[in-house]
Enquirer: 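A single structure is presented below for examination.
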2 protein chains.
Amino acid sequence: MSLDRRSGCPINLSLEVFGDRWSLIILRDMIFGGRRHFRELLNGSIEGIASNILADRLKRLMELGMLTKADDPSHKQKAIYSLTEMAITLVPILAHLGAWGRVWLPTSEELSIRAELLEKGGPPMWEKFMNELRHEHLGLPADPAAGPSVRATLQAAYEAVVASKAQAASSAA
Amino acid sequence: MSLDRRSGCPINLSLEVFGDRWSLIILRDMIFGGRRHFRELLNGSIEGIASNILADRLKRLMELGMLTKADDPSHKQKAIYSLTEMAITLVPILAHLGAWGRVWLPTSEELSIRAELLEKGGPPMWEKFMNELRHEHLGLPADPAAGPSVRATLQAAYEAVVASKAQAASSAA
DNA sequence: CTAATCTGCTTGCATTTTGCAATCGGTTGC
DNA sequence: GCAACCGATTGCAAAATGCAAGCAGATTAG
């Protein structure tokens, strides 16, 4: 379940890590959606991952060093998954990927608003976001002068688009 | 053979385009290796793609608008594949992907030197490279004051590492 | 106390995708 | 003429994926 190592090319090896249909989706939901539990990931992703695939990918991502797993102290049956630094440094790649997809692919408006804001925010916003993730997942100290979190900002923008679309739909009816 | 459209999320849609083990490898070989013909791609990639998979992916990438195909005027049986603007704008993503892989994965030295230079060159180098690709693949005018091509620069660095490794091996024997 | 619900998975099975090797009809260089 | 090369295609085995159901233990609502 580790790397095949078809070649030592950095692009090839990166593809061996998340060049499948689900690994990066899981990481996206953890990073941007703040999901930490199995069921949250299972029911939360709009693409509808199957539970056996999710279990397999979580295991694989742990073996590759992208995730860690711990007991949730509040619930003896809950496992809590955390991003490692290796996964947190994917943020710029996800930002670029979102920006590219927004330009060239038939994205939906409400789901691309986050990508748009993240692109406009640029590297400074990505750095701030990565520091917030380090705080949440690695226990590093939070920036005391931080203001609203990047995730909350993106989420608020998403909800505003959803609300304005609902408004437009109801006034049309 | 077009997009499944599991969701309208930009990251998801990007993954549906090149979130498999081969599509991005083919694009890498066209972009960085300058390959334009079926056989070049078949025999050129160190990962060893199978001919049926290559044929399938070329077809798929054409349907998605990432590649075009034309007759090679010098040979009635040769087809020449070209990158579209959509594919050329992947250069920054490939650069980030290479940089990430170089940090976190067991890359080989000779194959990661290109990623290192591309990372050091930053956005200005990426832009120059993209313009060179636009000249090669889209027929846009070349920058008259350009100097050596980015691809040639990267290739020379790769060959220098290979040569120095061969030197070290022979002096050890 | 008890029943329903929730927890992170696992199992069995059908379908789809991939990988491998051989091959094809046509073109080209010698 | 003939070997090498062109972009594929075919047949088949192996692996990955998708789907629905189920599992044992923990928790919670009534």
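Everything quoted here is computed from the prediction, not taken from an experiment. Sequence lines set the chain letters: A, B, ... in the order given, protein chains first and strands last, and positions in each chain run from 1.
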Enquirer: Specify the residue among B:Gly48 and A:Leu42 whose closest nucleotide of DNA chain C lies further upstream toward the 5′ end.
Expert: A:Leu42
Enquirer: Roughly how far, to the nearest 0.5 Å, is the OH atom of A:Tyr81 from the CG atom of A:Leu58?
Expert: 4.5 Å
Enquirer: Of the options D:dT9, D:dT17, D:dC19, whose atoms approach the side-chain atoms of B:Ala55 most closely?
Expert: D:dT9
Enquirer: What pair of heavy atoms forms the shortest contact from A:Thr84 to A:Thr68, and how long is it?
Expert: CG2-CG2, 3.9 Å
Enquirer: Let me know, please, whether A:Arg21 or B:Leu58 comes out on the 5' side of the other along DNA chain D by nearest nucleotide.
Expert: B:Leu58
Enquirer: Scan nucleotides 24-30 of chain D nucleotide by nucleotide, 5' to 3', and note B when protein non-hydrogen atoms come under 4.0 Å of the base, S if they reach only the sugar-phosphate, - if neither.
Expert: BBSS---
Enquirer: Quick one: side chains of residues 9-26 of chain A, donor-acceptor pairs under 3.5 Å with protein atoms, not counting sequence neighbours, listed by atom name and distance.
Expert:
residue: A:Asn12; atom: OD1; partner: A:Arg6; partner atom: NE; Å: 3.2
residue: A:Asn12; atom: OD1; partner: A:Arg6; partner atom: NH2; Å: 2.8
residue: A:Asn12; atom: ND2; partner: A:Ser7; partner atom: O; Å: 3.1
residue: A:Asn12; atom: ND2; partner: A:Ser7; partner atom: OG; Å: 3.3
residue: A:Asn12; atom: ND2; partner: A:Glu16; partner atom: OE2; Å: 3.0
residue: A:Ser14; atom: OG; partner: A:Pro10; partner atom: O; Å: 2.9
residue: A:Ser14; atom: OG; partner: B:Leu97; partner atom: O; Å: 3.2
residue: A:Glu16; atom: OE1; partner: A:Asp4; partner atom: N; Å: 2.9
residue: A:Glu16; atom: OE1; partner: A:Arg5; partner atom: N; Å: 2.9
residue: A:Glu16; atom: OE2; partner: A:Arg6; partner atom: N; Å: 3.0
residue: A:Asp20; atom: OD1; partner: A:Ser23; partner atom: OG; Å: 2.6
residue: A:Asp20; atom: OD2; partner: A:Trp22; partner atom: N; Å: 2.8
residue: A:Asp20; atom: OD2; partner: A:Ser23; partner atom: N; Å: 3.2
residue: A:Asp20; atom: OD2; partner: A:Arg57; partner atom: NE; Å: 3.1

Enquirer: How many angstroms lie between CE in B:Met30 and NE2 in B:His37, if you round to the nearest 0.5 Å?
Expert: 10.0 Å
Enquirer: Treating Ile, Leu, Val, Met, Phe, Trp and Tyr as nodes and any side-chain heavy-atom pair under 4.5 angstrom as an edge, say whether A:Val103 and B:Leu61 lie in one connected cluster.
Expert: yes
Enquirer: Without decimals, in angstroms, what is the distance between A:Ile49 CD1 and D:dA20 C1'?
Expert: 16 Å
Enquirer: Can you measure from CG (B:Leu64) to CH2 (A:Trp104) and round to the nearest 0.5 angstrom?
Expert: 13.0 Å
Enquirer: When rounded to the nearest 0.5 angstrom, what is the spacing between CD in A:Glu85 and CZ in A:Arg134?
Expert: 4.0 Å
Enquirer: Considering only heavy atoms, which members of residues 32-41 of chain A lie under 4.0 Å from some atom of DNA chain D?
Expert: none
Enquirer: Is the closest basic N to carboxylate O distance between A:Glu136 and A:Arg151 below 4.0 Å?
Expert: yes
Enquirer: Tell me the interatomic distance from B:Asp20, atom CG, to D:dA16, atom C1', rounded to whole angstroms.
Expert: 13 Å
Enquirer: Between P on D:dA8 and CG on B:Asp71, what's the gap in Å once rounded to a whole number?
Expert: 11 Å
Enquirer: Rounded to the nearest angstrom, tell me the gap between atom CD in A:Glu47 and atom C1' in D:dG18.
Expert: 15 Å
Enquirer: Return each pair, listed once, that meets ring pair (Phe, Tyr, Trp, His ring centres under 6.0 Å) where at least one residue sits in residues 116-166 of chain A; pairs must be two or more places apart or across chains.
Expert: A:Phe32-A:Phe129, A:His96-A:Trp126
Enquirer: What is the distance, to the nearest angstrom, from the CG atom on B:Asn52 to the P atom on D:dA13?
Expert: 15 Å
Enquirer: What is the distance, rounded to the nearest whole Å, between atom CG of B:Asp56 and atom P of D:dT10?
Expert: 13 Å
Enquirer: With a sphere of 6.0 Å drawn around NZ of A:Lys76, does it hold more than 12 non-hydrogen atoms of other residues, nucleotides or ligands?
Expert: no
Enquirer: If you walk 5' to 3' along DNA chain C, what is the first nucleotide with an atom under 4.0 Å of a heavy atom in chain B, and what is the last?
Expert: C:dT18 to C:dT28
Enquirer: By the salt bridge (charged side-chain N to carboxylate O under 4.0 Å, His left out) test, which pairs, at least two apart or in different chains, include something from residues 38-49 of chain A?
Expert: A:Arg28-A:Glu47
